[in-house]
Amino acid sequence: MLELIKVFDQVVVSGSFSQAGKALNMAPSSVARNIDSLEDRIKTTLFKRSTRQLVLTEEGQYFYQQSIKLLQDSDKLLAEMRGNQGVPEGKLRISVFESFGNLCLTPLIPEFLKRYPKIHVELELDNNLVDLHSDNIDIAIRIGTPQDSRLKSRHLLTNYTSLVAAPSYIEQSATIKKPEDLQAHNCLLITHERQRNYWYFSKKSIHKKVLVSGNLISKGGSPLLYAALQGCGVLLLSDWMIEEYLQSGRLIKLLPDWKATHGEQGSGEIFAIYKGSQYPQLHIRVFIDYLVEKLQLMKQNVELYR
């Protein structure tokens, strides 16, 4: 049963049977059979399937959220049963995308080093994707699980996103009453290396895909956040980046009745990715466990404010 859930988890993250198959080193037909078996075991339809897309049902969404913790607890239990009497030590090379590294990771490093003084951390803040093998990286923190089947991953956060703008922009611009109104606004964009940028909106059974454009595009979210705070345009960004500005009133949510995302399947999940076996070296494992521990509070705060 647990193996079926792992396949299901990978399908959700990958967005299709074929992409999940690449990550799991399985044929797409085998992935589909595993999902069929899981649905049969739990007597629930998890996906709405069509030739064009794969969408979670409401029950599938609930099952996925519950399965994340189940898989994490399973990995932790098995790792504990292996036992390790040594003291965590060694060099730990970590690659993390710039905005998450600055806002979420770097404030946690000092306490970690006090807790494990024999571990030496090398931190790289870079929005470029790294090869953990050729670049000799121990842990990479990224949105989405790896396609390389030699790599493992641990879920950290759901990357919820919100549509926001500064009060100064809202006061001087046309009112935004529906997603289509954004086509007449300056939108601050995360680059996806595509000629066109779309934002996706959903409300109950209604789904909309809106073409957006603007005068600032960035690979990272920090330049866009700064521009939005100065009243330069409308921003769709991760809640963990904008929560404090929403609370202070420097940013205001737009279209609060709509769920806004960067992709048709959502804005992704944030994972810690590492090399080797399911149960990594002790200094790698304690850092990932520490991250999960500390990010629980952030997760609760973000979900509470949503």
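The backbone N or O of Thr44 sits nowhere less than 3.5 Å from a side-chain atom of Glu59 that would complete a donor-acceptor pair. No donor-acceptor pair under 3.5 Å is formed between the side chain of Thr158 and the backbone N or O of Tyr160. Between the side chain of Tyr169 and the main chain of Asn186, a donor-acceptor pair closer than 3.5 Å is present. Side-chain atoms of His283 never come within 3.5 Å of backbone atoms of Leu92 as a donor-acceptor pair (strictly under, hydrogens ignored). Not a single donor-acceptor pair under 3.5 Å links the side chain of Arg250 to the backbone N or O of Leu229. Formation of a donor-acceptor pair under 3.5 Å by the Ser218 side chain with backbone atoms of Gly221 is not found in this model. Of the possible donor and acceptor atoms, none in the side chain of Ser30 sits under 3.5 Å from a partner among the backbone N and O of Met26. Distance alone, capped at 3.5 Å, places no donor-acceptor pair between the Tyr116 side chain and the Val286 backbone. When atom types are taken as modelled, the side chain of Asp9 and the backbone of Ile5 share no donor-acceptor pair closer than 3.5 angstrom.
With sequence neighbours excluded, no residue forms a side-chain hydrogen bond (donor to acceptor under 3.5 Å, both in side chains) with Ser202. Evaluation of the side chain to side chain contact (heavy atoms under 4.5 Å, CB included) rule for Lys118 yields Val87, Glu89 as partners, not counting sequence neighbours. Scored by the salt bridge (charged side-chain N to carboxylate O under 4.0 Å, His left out) test, Arg142 finds no partners at all (sequence neighbours excluded). With sequence neighbours excluded, the residues forming a side-chain hydrogen bond (donor to acceptor under 3.5 Å, both in side chains) with Lys208 are Glu180, listed by chain and number. Scanning for side-chain hydrogen bond (donor to acceptor under 3.5 Å, both in side chains) contacts around Ser222 gives Glu98, with sequence neighbours left out. Not counting sequence neighbours, Arg41 has no partner by the side-chain hydrogen bond (donor to acceptor under 3.5 Å, both in side chains) test.
By the rule that hydrophobic residues join a cluster once side-chain heavy atoms approach within less than 4.5 Å of another member, Leu211 and Leu254 end up as members of separate clusters. By the rule that hydrophobic residues join a cluster once side-chain heavy atoms approach within less than 4.5 Å of another member, Tyr62 and Val12 end up as members of separate clusters. Hydrophobic clustering (side-chain heavy atoms under 4.5 Å, transitive across Ile, Leu, Val, Met, Phe, Trp, Tyr) keeps Trp240 apart from Tyr226. Under the 4.5 Å side-chain heavy-atom criterion for ILVMFWY residues, a single connected hydrophobic cluster contains both Leu2 and Tyr64. Residues Leu156 and Leu125 share a hydrophobic cluster, clusters being chains of Ile/Leu/Val/Met/Phe/Trp/Tyr side chains in contact below 4.5 Å.
Using a 4.5 Å heavy-atom cutoff, the side chains of Ile139 and Ile273 are not in contact. The closest side-chain heavy-atom distance from Asn136 to Lys275 is below 4.5 Å. A heavy-atom distance below 4.5 Å is not found between the side chains of Leu237 and Leu163. When side chains are defined from C-beta on, Tyr274 does not count as touching Ser153, because their heavy atoms never get closer than 4.5 Å. Using a 4.5 Å heavy-atom cutoff, the side chains of Thr57 and Phe47 are not in contact. Counting heavy atoms from C-beta outward, Ile119 and Phe287 have side chains that stay 4.5 Å or more apart. Taking 4.5 Å as the limit, some side-chain heavy atom of Leu182 sits within range of a side-chain heavy atom of Trp199. At a threshold of 4.5 Å between non-hydrogen side-chain atoms, the residues Arg154 and Asp289 count as touching.
Interatomic distance, CD1 of Ile141 versus CD of Glu124, reported as 12.5 Å (0.5 Å rounding). Of the inter-residue distances, the one linking Leu235 atom CG with Leu189 atom CG reads 9.0 Å to the nearest 0.5 angstrom. One distance of note links OG1 of Thr261 with CG of Asn159; it measures 10.5 Å at 0.5 Å rounding. Atom CG of Leu108 and atom CD of Glu111 lie 7.5 Å apart (nearest 0.5 Å). If you take OG1 on Thr161 and CG on Leu236, they are separated by 4.5 Å, rounding to the nearest 0.5 Å. With rounding to the nearest 0.5 Å, the separation of CD1 in Ile137 from CZ in Arg93 is 4.0 Å.
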Using the rule given for side-chain contact (heavy atoms from CB on, under 4.5 Å), can you reason through Leu123 versus Leu105, listing the C-alpha separation, both sets of side-chain angles and the distance that settles it, and then say yes or no?
CA-CA 10 Å; Leu123 190 61; Leu105 186 61; 3.6 Å; yes
Hey, mind stepping through Val121 and Lys91 against side-chain contact (heavy atoms from CB on, under 4.5 Å) and telling me if it holds?
CA-CA 6 Å; Val121 172; Lys91 182 181 293 185; over 6 Å; no
With side-chain contact (heavy atoms from CB on, under 4.5 Å) as the criterion, how do Leu225 and Tyr245 come out once you've worked through the C-alpha distance, each side chain's angles and the decisive distance to 0.1 Å?
CA-CA 10 Å; Leu225 175 58; Tyr245 302 107; 3.7 Å; yes
Residues Glu269, Phe271; criterion side-chain contact (heavy atoms from CB on, under 4.5 Å); working and verdict:
CA-CA 6 Å; Glu269 308 286 333; Phe271 288 87; 3.3 Å; yes
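Smallest separation of non-hydrogen atoms from Val31 and Ala20: CG1-CB, 4.3 Å. In this structure, Leu224 and Leu188 approach most closely via the heavy-atom pair O-CD1, 3.6 Å. Taking every heavy atom of both residues into account, Gly101 and Pro107 meet most closely at O-CD, 4.5 Å. Across every non-hydrogen atom of Gly249 and Pro167, the tightest pair is O-CG, 3.5 Å. Ser162 and Ile242 make their closest contact through CB-CD1, 3.9 Å (heavy atoms, listed as atom of the first residue, atom of the second, distance). Contact between Leu216 and Ala227 at its shortest, heavy atoms only, is CD2-CB, 3.6 Å.
For Lys209 and Tyr200, the positive end is not near the middle of the six-membered ring at less than 6.0 Å and at most 45° from its axis.
Annotation: Gln172, atom CD; neighbour count of heavy atoms from other residues, nucleotides and ligands within 6.0 Å is above 12. Crowding of Lys203 atom NZ: a count of heavy atoms from other residues, nucleotides or ligands under 6.0 Å exceeding 12.
With salt bridges taken as basic N to acidic carboxylate O contacts below 4.0 Å, one links Asp181 and Lys178. A salt bridge links Lys6 and Glu3; the closest N-O separation between the charged side-chain nitrogens and carboxylate oxygens is under 4.0 Å.
Checking each of Leu38, Asn34, Ile42 against Phe8 for a side-chain contact (heavy atoms from CB on, under 4.5 Å) leaves exactly one that passes, namely Leu38.
Taking the six-membered ring for Trp and thresholds of 30 and 60 degrees, Tyr290 and Phe112 have ring planes inclined between 30 and 60 degrees apart.
In this structure, a donor-acceptor pair under 3.5 Å is absent between the side chains of Gln65 and Gln61.
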